[in-house]
Number of protein chains: 2
Amino acid sequence: MNDHEAKLASYLHKRGLKFTRQRRIVMREVFASHEHFQADGLLQRMREKNLDVSKATLYRTLALLVEGGLLRQEVFGERHCHYEHIYGHKHHDHLLCLGCGKIEEFRNNDIERLQDQICRKYAFTPTTHQLEIHGHCKKCRKEQG
Amino acid sequence: MNDHEAKLASYLHKRGLKFTRQRRIVMREVFASHEHFQADGLLQRMREKNLDVSKATLYRTLALLVEGGLLRQEVFGERHCHYEHIYGHKHHDHLLCLGCGKIEEFRNNDIERLQDQICRKYAFTPTTHQLEIHGHCKKCRKEQG
DNA sequence: CTTCTTGCAAATCCTTTGCAGTTAC
DNA sequence: GTAACTGCAAAGGATTTGCAAGAAG
C-alpha cells in the first residue's frame with residue numbers, strides 16, 4: 001500500500017468508513033496522473049479500462065477524497081468542477097487561456113506569503129485558496145491581433 | 001440617465017442591440033446595492049417589487065452586463081454564480097467563511113502587482129482574475145474550537 | 001450480523017434554448 | 001419594417017439522492 005492509499009485508509013478508519021474495492025479503484029485512477037481532470041472524463045477513462053464504478057459512486061468518492069485532503073477541487077468559472085490530486089504536487093495557481101482553453105500552472109511564494117498576512121489581518125483561518133487569472137496566452141494573443 | 005446606464009447604452013449601441021424596458025429594470029436593480037447577489041435572489045427581489053422580468057431575460061441580461069464590463073461574475077466553488085457590479089467599486093478579492101458563509105472583501109496592491117509580473121513572465125494577457133481564500137472567520141474559528 | 005456502500009434511475013439545481021409573439025429603433 | 005427581444009415552458013448538463021440489494025469489518 002502506497003503513501004496516498006495509506007492516507008485514505010487512515011482517514012476512512014478515523015471516520016468509521018470502509019475501504020471498498022470501488023474506492024481503491026477510483027483512488028488509483030486519480031493518482032495515476034498529475035493532470036487536471038473532470039469527473040466525467042475520469043469516468044470514461046475508467047470505463048475504457050473496464051474498471052466498473054458507477055457515476056454515483058465516483059462522485060461520492062471524489063467528494064470523500066476532497067474531504068480527506070487528498071484531492072483539490074477547482075471551479076474554473078465554469079459549471080463543472082475540475083480536480084487535481086495533491087500528493088507530490090505543490091500548491092500552485094492557474095492561468096486560464098480563454099482562447100485555447102489551456103491551463104498553465106504557476107507558483108509564487110510572495111503571493112502565498114501576502115495571503116497569509118491578509119488572513120492574519122482579518123483573523124481568518126484559511127483552509128484552501130484559489131487564484132486564477134483569465135486571459136490569453138502568447139499564442140492566442142497573437143491570433144487575436 | 002446616470003453613469004452606468006450611459007455605459008450600458010453605449011455598449012448596446014455599439015453592438016446594435018436595444019435598450020429595452022427589461023434591461024433597464026434589471027440594471028437598476030443590480031446597481032441599487034453593492035452586495036454580492038445571485039440570479040435567483042435578484043429575481044425574487046424584483047418579483048416582490050412587482051418588477052416583472054422573466055427568469056430567461058434576467059439571465060440573458062446578466063450575461064450582457066458581464067460582457068459589457070458592468071458586472072463581475074464570481075464562481076465561489078459552488079454551482080451557482082455570484083455577481084457584483086463594478087461601478088464605484090474597486091477590484092478586490094474574497095475571504096469565504098465555510099462556517100457562516102460570510103464573504104469578506106479585501107484588496108492588496110502587492111498581490112495585484114505580483115500577478116502582473118507573473119503574466120509578463122508567462123507572456124499572458126490577463127482579462128480578469130479571481131482570488132478566493134476559503135476558511136473560517138474569527139467567530140466561526142472560536143465555535144470550531 | 002450490522003453498518004456502510006453500491007448501482008440504478010429518478011430527482012435536483014442552476015442555467016440555457018427554441019419558438020411564436022412583441023418591441024425598439 | 002425588420003432585427004432584436006421577450007416570456008414561456010421545455011431542455012440541458014453536472015451532480016445528488018432514495019432505495020433495495022450487496023459488501024466490509
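Within every chain, numbering begins at 1; the chains are lettered A, B, ... in the order of the sequence lines, protein sequences first and strands thereafter.
- Between B/Q130 and B/E132, the side chains place a donor N or O and an acceptor N or O closer than 3.5 Å (distance only, hydrogens not considered).
- The side chain to side chain donor-acceptor pair (under 3.5 Å) pairs that include a residue from residues 52-62 of chain A are A/S54-A/T57, where partners are two or more places apart or lie in different chains.
- Shown are A/K49, A/R24, A/R45; of these, the side chain to side chain donor-acceptor pair (under 3.5 Å) with A/E29 is made only by A/K49.
- In this structure, A/R21 atom CZ and D/dG25 atom P are separated by 14 Å, rounded to whole Å.
- Between the NZ atom of A/K14 and the C1' atom of D/dG25 there is a distance of 19 Å, given to the nearest Å.
- Base pairing in DNA chain C gives the following stems of 3 or more Watson-Crick or G-U pairs, range against range and under 3.5 Å: C:1-25 with D:1-25.
- Note on ring orientation: taking the six-membered ring where Trp is involved, the planes of A/H91 and A/H129 are perpendicular (angle over 60°, cut-offs 30° and 60°).
- Atom CZ in A/R24 sits roughly 15 Å away from atom C1' in C/dT5 (whole-Å rounding).
- Phosphate proximity of D/dG7 to B/Q22: present, with a side-chain N or O under 4.0 Å from OP1 or OP2.
- B/R107 pairs by the side chain to side chain donor-acceptor pair (under 3.5 Å) definition with B/N109, not counting sequence neighbours.
- A heavy-atom distance below 4.0 Å to DNA chain D is reached by these residues of residues 56-67 of chain A, ordered by number: A/A56, A/Y59, A/R60.
- In this structure, B/L51 places its CG atom 16 Å from C1' of D/dG7, rounding to the nearest Å.
- Within the 4.5 Å cutoff, the side chain of A/F19 has no heavy atoms near those of the A/H13 side chain.
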Using a cutoff of under 3.5 Å, can you pull out all pairs of nitrogen or oxygen atoms linking the protein to nucleotides 2-4 of chain D, with atom names and distances?
unit_1	atom_1	unit_2	atom_2	d
D/dA3	N3	B/K18	NZ	2.9
D/dA4	O4'	B/K18	NZ	3.3

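- In this structure, A/R47 atom CZ and C/dC8 atom C1' are separated by 12 Å, rounded to whole Å.
- Atom C1' of nucleotide D/dT6 and atom CG of B/L43 are separated by 14 Å, given to the nearest angstrom.
- The shortest side-chain heavy-atom distance between B/L12 and B/R23 falls under the 4.5 Å cut-off.
- Distance from the side chain of A/F19 is smallest to D/dG25 among D/dG25, C/dG7, D/dT6.
- With sequence neighbours left out, A/D116 forms a side chain to side chain donor-acceptor pair (under 3.5 Å) with no residue at all.
- The minimum heavy-atom distance linking A/I133 with B/P126 is given by the pair CG2-CB, 3.7 Å.
- Contact annotation: the side chain of A/L131 never approaches that of A/H94 to less than 4.5 Å [non-hydrogen atoms, C-beta and beyond].
- Atom P of nucleotide C/dC13 and atom NZ of B/K55 are separated by 11 Å, given to the nearest angstrom.
- Computed from coordinates, the B/Q73 CD to C/dC14 P distance equals 15 Å when rounded to whole Å.
- Residue A/T20 places none of its side-chain N or O atoms closer than 4.0 Å to OP1 or OP2 of C/dC4.
- At a threshold of 4.5 Å between non-hydrogen side-chain atoms, the residues B/K7 and B/L70 count as touching.
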